[in-house]
Structure formats: structure tokens, C-alpha cells
Amino acid sequence: MQISNSKPNSDSEPASEAERRIRRLTLHLNPVACVAAEQLEMAACGGRGKLSVDTPSLSSYIRGKHWDIQEKVLDYFNANPHLQTPVEISKDEHRELCMKQLTGLVREAGIRPLRYVVNEPAKYFAILEAVGSVDMSLGIKMGVQYSLWGGSVLNLGTKKHKDKYFDGIDNLDYPGCFAMTELHHGSNVQGLQTVATFDVITDEFIIDTPNDGAIKWWIGNAAVHGKFATVFARLKLPTYDTKGVTDMGVHAFIVPIRDMKTHQPLPGIEIHDCGHKVGLNGVDNGALRFRSVRIPRDNLLNRFGDVSRDGKYTSSLPTVNKRFGATLGELVGGRVGLAYSSVSVLKVAATIAIRYSLLRQQFGPPNQPEVSILDYQSQQHKLMPMLASTYAFYFATTTLVEKYSQMKKTNDEELVADVHALSAGLKAYITSYTAKSLSICREACGGHGYAAVNRFGILRNDHDIFQTFEGDNTVLLQQVAADLLKQYKGKFTGGTLAVTWNYLRESMNTYLSQPNPVTSRWEGGDHLRDPKFQLDAFRYRTSRLLQSVAVRLRKHSKSLGEFGAWNRCLNHLLTLAESHIESVILAKFIEAVQSCPDPSSQAALKLVCDLYALDRIWNDIGTYRNVDYVAPNKAKAIHKLAEYLSFQVRNVARELVDAFDLPDHVTRAPIAKRSGAYSQYTQYVGF
């Protein structure tokens with residue numbers, strides 16, 4: 001296809017627009033002739049060459065202070081090939097292998113995660129990241145044993161429970177479950193129907209499943225290996241009046257479910273297998289029904305509420321809702337772990353896709369060598385913002401882990417509230433992003449991405465549930481939105497703002513004023529890459545969304561009531577929550593760039609941070625245009641600069657993924673091998 005170079009006729013504007021469209025169409029139809037010229041043009045625009053990145057320094061900055069224990073985990077499994085999960089494995093074999101992997105980790109490698117769950121959470125999450133990179137099923141099984149079963153005993157129980165159960169949980173003599181979810185209730189924990197009735201005569205609780213909807217469902221470790229379960233049930237106490245019993249709300253109880261010697265289900269306990277799942281088939285999820293199962297009174301995990309010998313209830317917290325909130329609040333570590341682990345999955349997927357895209361060559365200018373597929377703008381558009389997001393999420397979740405660790409030490413109320421909201425938002429946002437990215441990575445690697453050995457399918461299937469367990473993402477984002485509205489209301493009643501929301505003080509005044517007609521048109525590169533402009537833009541959007549949804553809720557609540565108004569504005573509320581979380585992520589990324597001690601690493605991180613910020617702004621450019629925060633010329637400049645930054649990040653993409661320091665025995669995808677990728681791939685299929 002030829003493009004005319006003659007001057008346009010008197011209709012110059014339409015003609016030049018037509019030429020641009022023809023050229024763009026030509027790029028799609030005939031990339032061979034255009035890609036090289038396009039890249040040369042971008043390079044010329046740059047004004048400077050490729051960044052020089054000191055990969056070891058960058059790796060040292062981002063690897064964290066618990067890299068030594070992660071290496072110990074990875075070295076153990078690399079030295080024990082019989083414990084590595086094969087690509088093809090049956091459900092039952094996978095479950096047994098998963099238990100052998102966990103037992104080996106604890107009893108042979110000497111990794112004891114339980115001691116870190118409360119005292120050194122950052123080290124626990126580092127172990128969890130390494131274990132999850134070996135096999136995500138193993139990471140979840142370890143999380144069930146130590147974070148959920150063990151964590152519930154340590155966080156919801158008292159000294160007597162720790163003394164009795166700690167060693168058995170720690171050394172795997174007491175494999176256990178976390179029995180919260182029921183067939184009819186998942187997110188609505190206050191709606192659980194399992195009952196624990198106190199029998200004053202025998203000094204026991206009687207655990208009952210009153211109907212099929214109350215069967216405990218999806219309980220990890222229950223189908224095969226578990227001997228105990230922390231069961232969440234409604235505590236009912238006798239009142240000796242016409243009512244008969246009082247419902248004290250949901251409490252947690254330790255219930256033995258299998259005989260310690262024979263491993264058979266105990267009397268009154270019915271256990272079934274939930275069967276084959278989309279992913280994570282190394283985890284033995286089961287269903288539990290209780291028929292008048294009696295347990296000692298001491299088996300109530302009584303940190304927030306206790307029952308005396310004569311059936312009297314005592315608690316330091318005055319209401320059912322406060323006790324419920326405190327109970328669930330102690331379990332927030334699961335969300336922190338999922339957000340952190342999801343970033344680890346994204347690191348592996350991005351590394352595989354980018355290394356393959358650098359290796360794979362396809363088409364090229366006439367009579368010249370084929371070019372790497374990462375030289376194509378379309379591939380850069382898929383993968384470079386994703387790489388930038390991976391770095392952004394890493395710094396955000398590292399901050400979350402630090403806050404969580406500090407919270408466990410101090411129990412500071414303000415910090416507790418901050419961690420609850422931040423963990424809900426980051427877990428929801430990051431796991432959703434990672435789930436979408438895994439499909440993009442698979443597609444970006446073409447047919448070879450479809451091979452199971454190259455791991456995208458396994459990673460995608462195993463990670464998929466991250467979006468709905470430990471809190472459904474849509475529900476968690478609503479929690480974030482509700483917290484934002486609470487802070488917004490506090491702004492006008494003189495209340496203090498939680499740490500993460502501090503910017504709302506200024507935003508209600510500065511960010512909600514009319515956009516400056518001058519700055520809305522600034523389009524210079526220095527301005528667009530200024531962290532202040534980027535962060536102001538993110539926060540302006542959040543503040544606009546917050547103010548507008550508050551007005552809508554007030555309006556609709558008059559006719560629909562609070563519940564109806566919330567449902568009417570639900571999509572608006574979800575967008576608000578995501579916008580706030582993006583603001584938090586960017587703020588942490590900017591801090592990490594500014595704190596980096598190595599100049600070359602700092603320059604690389606600044607480049608990646610700018611791409612993250614401008615790509616996000618461009619993705620929601622309609623919001624900024626609607627309120628004239630960004631003029632048309634500035635919007636165009638943002639788009640152009642984001643594309644150029646993707647090209648610049650492509651030039652250092654190898655160094656950026658190498659800085660993750662993921663050895664070949666961790667990525668385990670032939671197409672992502674540092675050397676000899678094609679030869680190892682052909683050997684795998686039998687050549």
C-alpha cells in the first residue's frame with residue numbers, strides 16, 4: 001500500500017487526518033515495512049540512549065530483608081526433585097505430594113512458619129512467597145495450616161490454647177482446618193448458621209449443623225489430612241426463661257474431626273470431598289456436617305468472649321458487633337498474605353512473558369533479520385505497563401506487610417483501622433489485576449504460551465480463586481468505599497483521618513476547586529513526569545468520585561433507603577475504591593523511588609513509576625476530560641509520552657525482570673530459560 005507524499009488539497013485538515021489513518025492502517029496490515037522506522041523515530045525523540053541499569057543493585061533494593069530464608073526454601077526443593085510438582089498429576093497424587101512437600105519443608109528443611117505468624121509476620125510472608133513459587137497449592141496448604149488454623153488458635157485463643165496446641169500445629173502433628181464458610185454463606189459471616197449450644201450440666205458445647213445450608217464448605221485440609229478444625233458457629237446460651245436460649249453471635253471453637261490414631265472421622269462428624277477444582281488441586285477441600293458433636297468448654301477460643309461454668313457470658317467488648325469485628329479483625333493477615341503472594345505470581349508471569357518476547361523473533365524490514373516481538377508497539381503496550389504495575393504493587397504490599405507487622409506489635413487502634421482498609425483494597429485490586437494479566441501473558445506468548453509446561457494455564461487456574469477467597473473482591477472494595485465515606489463525613493464533623501486517608505484533608509479544599517485553566521494545558525515532559533502532577537491527578541480523581549457519590553447517596557436514600565441507595569450507586573462506589581487504592585499505590589511507589597540509594601536503580605525505577613502513573617491516567621482520561629482537569633492537547637501529550645515510556649522500559653526490560661532474581665528452577669518454563677530456551681523446550685517434548 002502506497003502513501004501519497006503530495007500536499008493535501010484545500011481541504012487540508014480532513015486530508016491530513018485521512019493520511020494519518022491510512023498510515024495507522026498500514027502499520028497493522030504491513031508491520032514488516034513500518035516497525036523499524038517507527039522504533040528509529042521513537043529513539044530519535046528520546047534525546048538520550050538506553051538507561052544503564054545496575055541489576056544487582058536494583059535486585060538488592062527490591063528483594064527484601066528476608067531473602068536468606070527464601071533462598072533456603074528454594075534450595076531445599078531444588079535439591080529434592082522428587083518433591084517438585086510435575087506438569088501432569090492427578091488430584092489424589094497432587095494432594096499427597098503437597099502434604100509431603102509441607103512435611104519435608106517443616107521436618108527436613110527446618111522451616112517452622114508458625115513462630116513467625118504473630119511475632120515476625122514479614123518473615124512469615126517471605127516464606128509464603130517462596131513456598132508459593134514452588135507450587136501455589138503448597139502455599140495455600142501452608143497458609144491453611146499456619147495462618148488460618150494456627151493463626152486462629154494464637155489470635156483468637158488465650159494462653160491455655162497456645163500451651164496445648166502450639167507445638168502440634170508447628171510440627172504438623174496437628175494438621176487442621178479453618179471452618180468458616182458454609183454452603184449458603186461466605187462473605188456474610190454474620191449470617192452463619194452452624195450452632196454451638198452450651199450444656200450447663202455436662203460443661204460442654206454441642207456443635208450442630210441445623211440444615212444443609214449450614215454445611216461447612218470449601219474447607220481446606222478437611223477432605224484428607226485435617227485432624228482438627230476451628231469452627232465458626234453461633235454461640236447459644238441458656239436463659240432459663242421463655243426464650244430458652246440467647247444468641248451471642250458468631251464465635252470460634254476448636255473441634256477435633258478425626259481420630260488421632262486411626263484418622264477416621266469422629267462420631268457425629270460427616271466429612272465429604274468437594275472434588276476436583278479449577279485449580280489448586282493439591283489442596284484437599286472438603287465439606288463438614290456436625291450432628292450433636294460435644295466439645296469441652298475450654299475449646300471455645302475465648303480471647304474476646306468467655307463462658308463460665310454456670311453458663312454466664314463475659315467479654316471486654318460490650319456488643320455483638322464489636323466482638324464480631326474484633327474476631328474478624330484478627331484474621332486480616334490472610335488478606336495481607338494474598339495481596340503479597342499475588343504480586344509474586346505476577347512477577348513470575350511477567351518474567352516468563354517478557355523473556356520469551358525478547359527471545360521470539362517474527363517478521364522484520366525487507367532483507368533484514370527478524371525483530372524481537374517485544375519491539376512491536378502492541379507487545380510493549382501489553383507487557384510494559386504490566387511490568388511497571390508489578391514494581392508498583394511490590395512496593396505497596398511491602399508497605400502493607402510493614403504496617404501489619406507494626407500493628408501486631410502495638411495494637412494501635414488507628415493503625416488497626418488503616419491496615420484493615422488497606423489490606424482489603426490492595427487484596428481486591430492486585431488479585432483482580434493479576435488475574436487479568438495472566439491471560440494477557442498467555443496470549444502475548446502465542447501458541448507456546450498455551451503449553452502447560454510454560455505455566456500460564458497452571459498459574460491462571462491456581463491464582464483465580466485469589467479473587468474470591470479471604471473476602472470477595474467486590475465486597476472488599478465496598479468496605480474501602482464505606483471507609484472513604486466515613487472519612488469524608490469525619491472531615492465535616494471535625495474527626496481525625498486515618499493515616500492512609502490523610503490526603504483527603506487537602507483534597508476537599510484544593511482538589512475539588514475548579515481546575516487551573518493554565519496547568520490543565522501544560523504538556524511538557526518535565527511537567528507530566530513530575531511526581532506532584534501525577535499524584536495530584538490521582539487524588540483529584542478520587543476526591544471528585546468521593547464527593548459525587550456522597551451527593552448521589554444522599555439523594556437516593558430519601559426515596560430508596562440506605563440499602564437501595566447503596567445498590568443504585570454500587571458501580572460508582574467500586575470505581576471510587578479502585579481510584580483510592582491506585583492513589584495509595586502511586587504514593588508508595590514515588591516514596592520507593594525517592595528512597596533508592598543507587599542512582600542507576602533510581603533512574604530505572606523513576607522511568608517505571610512514570611509509566612505506571614501516566615498509563616493509569618490515560619486509561620481513565622475520560623474522567624479528567626469530563627471536568628476539564630486535562631485539556632485535549634494535554635491528553636494527547638500524556639498518551640504520546642506513555643507510549644514512549646513503554647518503548648524506553650522495553651529497552652531495559654531484561655534488566656528489570658532479572659532484578660526479580662527468579663532462577664530458572666523457580667520460573668520452570670522452558671520459554672523463559674536464561675539460555676538455551678528452544679533447545680530445552682524441544683528436549684521436553686522428546687527430540
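Quantities reported herein were computed from a predicted structural model and do not represent experimental measurements. Scope of the values below: all heavy atoms of this structure, side chains included, with no hydrogens, waters or symmetry mates.
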Checklist entry - Roughly how far, to the nearest 0.5 Å, is the CG atom of Asp661 from the OG1 atom of Thr55? => result 10.0 Å

Checklist entry - Is it the case that His381 and Ser646 place a side-chain donor and acceptor less than 3.5 Å from each other? => result no

Next on the checklist: Looking at every non-hydrogen atom in both residues, tell me the closest pair between Ile373 and Ala444 and how far apart they are.
Outcome noted: CD1-O, 4.0 Å

Item to check | Trace of the side-chain contact (heavy atoms from CB on, under 4.5 Å) decision for Val627 with Tyr540 | outcome: CA-CA 11 Å; Val627 294; Tyr540 178 88; 3.7 Å; yes

Checklist entry - If only atom types and distance count, is the side chain of Gln680 paired as donor or acceptor with the main-chain N or O of Lys673 below 3.5 Å? => result no

Checklist entry - Which heavy atom of Thr390 sits nearest a heavy atom of Lys347, and at what distance? => result CG2-CG, 3.5 Å

Next on the checklist: Under 3.5 Å, is there a donor on one side chain and an acceptor on the other for Gln648 and Tyr644?
Outcome noted: yes

Next on the checklist: Contact between Leu528 and Ile638 at the side-chain level, heavy atoms closer than 4.5 Å - yes or no?
Outcome noted: yes

Item to check | Under 3.5 Å: donor-acceptor pair, side chain of Arg541, backbone of His580 | outcome: no

Item to check | Output field: ring centroids Tyr124/Tyr116 closer than 6.0 Å | outcome: no

Checklist entry - Below 4.5 Å, heavy atoms only, C-beta onward: do Leu58 and Leu605 meet side chain to side chain? => result yes

Next on the checklist: Strictly distance-based, threshold 3.5 Å: is any side-chain N or O of Ser60 a donor or acceptor partner for the main-chain N or O of Pro56?
Outcome noted: no

Checklist outcome for this item: In this structure, CD1 of Ile62 is separated from OG of Ser57 (nearest 0.5 Å) by 11.5 Å

Next on the checklist: Tyr678 vs Arg360, test: side-chain hydrogen bond (donor to acceptor under 3.5 Å, both in side chains). Steps then yes/no.
Outcome noted: CA-CA 10 Å; Tyr678 280 132; Arg360 181 74 165 178; 3.2 Å; yes

Checklist entry - Where do Met384 and Asp615 land on the side-chain contact (heavy atoms from CB on, under 4.5 Å) test, with the steps shown first? => result CA-CA 10 Å; Met384 296 303 96; Asp615 180 70; over 6 Å; no

Next on the checklist: Testing the 3.5 Å rule here: is there a donor-acceptor pair between the side chains of Thr542 and Ser583?
Outcome noted: yes

Checklist entry - For Ser342 and Thr434, what are the C-alpha separation, side-chain angles and deciding distance, and is it a side-chain hydrogen bond (donor to acceptor under 3.5 Å, both in side chains)? => result CA-CA 7 Å; Ser342 187; Thr434 299; 3.0 Å; yes

Next on the checklist: Minimum heavy-atom separation for Asp54 and Ser600, please, with both atom names.
Outcome noted: N-OG, 3.1 Å

Item to check | Over 12 non-hydrogen atoms of neighbours within 6.0 angstrom of CZ in Arg654 | outcome: no

Item to check | Interatomic distance, His420 atom NE2 to Leu415 atom CG [nearest 0.5 angstrom] | outcome: 9.5 Å

Item to check | Any side-chain heavy-atom pair of Glu655 and Leu51 under 4.5 Å | outcome: no

Item to check | The single option from Tyr61, Phe589, Phe660 passing ring-ring contact (aromatic ring centres under 6.0 Å, His included) against Tyr391 | outcome: Phe660

Checklist entry - So, are Lys606 and Asp610 salt-bridged, with charged N and O less than 4.0 Å apart? => result yes

Checklist entry - Are Tyr681 and His448 close enough that their ring centers fall under 6.0 Å? => result yes

Item to check | Sole residue of Val480, Ile581, Leu484 in side chain to side chain contact (heavy atoms under 4.5 Å, CB included) with Leu576 | outcome: Leu484

Checklist entry - With a 4.0 Å cut-off, would you call Asp526 and Arg529 a salt bridge? => result no

Next on the checklist: Tell me whether the rings of Phe533 and His527 are parallel (<30°), tilted (30 to 60°) or perpendicular (>60°).
Outcome noted: tilted

Next on the checklist: Any heavy-atom pair between the side chains of Val593 and Phe395 that's under 4.5 Å?
Outcome noted: no

Checklist entry - Taking the inter-plane angle between the rings of Tyr612 and Phe538 on a 0 to 90° scale, is it parallel (under 30°), tilted (30 to 60°) or perpendicular (over 60°)? => result tilted

Checklist entry - Does any donor atom in the side chain of Asp658 or Ser59 lie under 3.5 Å from an acceptor atom in the other side chain? => result no

Checklist outcome for this item: Between Ala677 and Leu359, the two heavy atoms sitting closest are CB-CD2, 3.6 Å

Checklist entry - Side-chain donor-acceptor pair under 3.5 Å between Glu582 and Tyr429, yes or no? => result yes

Item to check | Any Val371 side-chain heavy atom under 4.5 Å of Gln362 side chain | outcome: no

Checklist entry - Can you tell me how far OG of Ser437 sits from CD1 of Ile430, rounded to the nearest 0.5 angstrom? => result 11.0 Å

Checklist outcome for this item: Taking every heavy atom of Ala424 against every heavy atom of Gln479, the minimum-distance pair comes out as CB-OE1, 4.1 Å

Checklist entry - Is a salt bridge present between Lys636 and Glu523, judged by a nitrogen-to-oxygen distance below 4.0 Å? => result no

Next on the checklist: Walk me through whether Leu607 and Leu611 qualify under side-chain contact (heavy atoms from CB on, under 4.5 Å).
Outcome noted: CA-CA 6 Å; Leu607 171 65; Leu611 175 58; over 6 Å; no

Next on the checklist: Side chains of Arg115 and Tyr146: any donor to acceptor distance under 3.5 Å?
Outcome noted: no

Checklist entry - Is the backbone of Ile671 close enough, under 3.5 Å, to the side chain of Asn454 for a donor and an acceptor to pair up by distance? => result yes

Next on the checklist: With a 4.0 Å cut-off on N to O distance, would you call Glu643 and Lys640 a salt bridge?
Outcome noted: no

Checklist entry - Mind checking whether Met386 and Cys441 have side chains closer than 4.5 Å, heavy atoms only? => result yes

Next on the checklist: If you define the side chain from C-beta out and look only at heavy atoms, does anything of Ile140 sit under 4.5 Å from Phe466?
Outcome noted: yes

Checklist entry - Hey, are the side chains of Lys72 and Leu105 touching, using non-hydrogen atoms and a 4.5 Å cut-off? => result no

Checklist outcome for this item: Ala349 and Leu438 have their tightest heavy-atom pair at CB-CD2, 3.5 Å

Next on the checklist: Strictly distance-based, threshold 3.5 Å: is any side-chain N or O of Glu370 a donor or acceptor partner for the main-chain N or O of Phe363?
Outcome noted: yes

Item to check | Side-chain donor-acceptor contact under 3.5 Å, Gln361 with Ser372 | outcome: no

Next on the checklist: Looking only at side-chain N and O atoms, does Thr623 offer a donor or acceptor that is under 3.5 Å from a partner on Asn626?
Outcome noted: no

Checklist entry - Judged by modelled atom types alone, do His639 and Lys634 share a side-chain donor-acceptor pair under 3.5 Å? => result no

Next on the checklist: Quick one about Tyr433 and Ser389 (side-chain donor to acceptor, distance below 3.5 Å, no hydrogens or angles considered), yes or no?
Outcome noted: yes

Checklist entry - If only atom types and distance count, is the side chain of Arg455 paired as donor or acceptor with the main-chain N or O of Thr667 below 3.5 Å? => result yes

Item to check | Criterion side chain to side chain contact (heavy atoms under 4.5 Å, CB included) against His66, the qualifying member of Glu71, Glu129, Lys123 | outcome: Lys123

Checklist entry - Within the side chain of Arg335, is there an N or O that forms a donor-acceptor pair under 3.5 Å with the backbone of Glu470? => result yes

Checklist entry - Roughly how far apart are Leu535 CG and Leu586 CG, rounded to 0.5 Å? => result 5.0 Å

Checklist entry - So, Ser579 and Arg539: side-chain donor and acceptor under 3.5 Å apart, yes or no? => result no

Checklist entry - Any chance the rings of Tyr340 and Tyr394 have centres within less than 6.0 Å? => result no

Checklist entry - Out of curiosity, Thr351 OG1 to Arg674 CZ, how far, rounded to the nearest 0.5 Å? => result 8.5 Å

